[in-house]
Amino acid sequence: MGLPRRYFFMALAHLLWFGVVAVFFSHDRMRAVMLRGQKVLNKAIGSVLAGLGISLAFAPSH
């Protein structure tokens with residue numbers, strides 16, 4: 001029977017994505033840019049996650 005093709009596509013897509021990210025951030029200049037903006041990015045992501053948590057806390061349960 002075998003696995004559906006979509007599993008192989010997703011595995012390949014993940015391999016390519018993480019490979020590109022690894023190569024991108026292995027360059028000193030790109031890494032420095034990312035580290036400079038990391039505090040702002042962390043605060044933005046934290047705010048979004050806190051908002052999602054609050055919305056879940058007040059969501060009606062079924």
Side-chain angles (χ1 to χ4, degrees):
M1 184 180 272
L3 292 173
R5 287 185 183 197
R6 67 179 176 260
Y7 292 130
F8 294 113
F9 171 75
M10 288 306 297
L12 181 62
H14 279 86
L15 178 69
L16 289 173
W17 169 251
F18 288 111
V20 167
V21 169
V23 169
F24 184 75
F25 286 118
S26 67
H27 294 289
D28 290 335
R29 184 184 299 171
M30 294 296 123
R31 184 170 159 77
V33 168
M34 177 60 188
L35 289 175
R36 262 197 320 266
Q38 188 170 6
K39 284 186 180 182
V40 173
L41 183 62
N42 286 345
K43 288 180 182 182
I45 292 172
S47 298
V48 169
L49 291 175
L52 288 171
I54 291 168
S55 68
L56 282 174
F58 290 106
S61 61
H62 290 72

Quiz item: Apart from M10 itself, what residues make up its hydrophobic cluster when side-chain heavy atoms of I, L, V, M, F, W and Y under 4.5 Å apart count as a link, directly or indirectly?
Solution: F9
Quiz prompt | Qualifying residues under side chain to side chain contact (heavy atoms under 4.5 Å, CB included), relative to L41, sequence neighbours excluded | solution = M34, I45
Exercise. Heavy atoms only: give me the nearest Q38-L35 pair and the separation to one decimal.
Key: OE1-CD2, 3.3 Å
Quiz item: Is D28 atom CG crowded by more than 12 heavy atoms from other residues, nucleotides or ligands, each under 6.0 Å away?
Solution: no
Exercise. Report the residues that fulfil side chain to side chain contact (heavy atoms under 4.5 Å, CB included) with V40, sequence neighbours left out, ordered by chain and then residue number.
Key: none
Quiz item: Hey, quick one: are L16 and V23 part of the same hydrophobic cluster, counting side-chain heavy atoms closer than 4.5 Å, chains of contacts allowed?
Solution: no
Quiz item: Other than L56, which residues form its hydrophobic cluster under the rule that side-chain heavy atoms must be closer than 4.5 Å?
Solution: none
Exercise. Please check if F18 and M30 belong to a single hydrophobic cluster, counting links between Ile, Leu, Val, Met, Phe, Trp and Tyr side chain heavy atoms closer than 4.5 Å.
Key: yes
Quiz item: Which residues satisfy the side chain to side chain contact (heavy atoms under 4.5 Å, CB included) test with Y7, sequence neighbours excluded?
Solution: L3, P4
Practice problem: For residues V21 and F25, determine if any side-chain heavy atom of one lies less than 4.5 Å from a side-chain heavy atom of the other. | Solution: yes
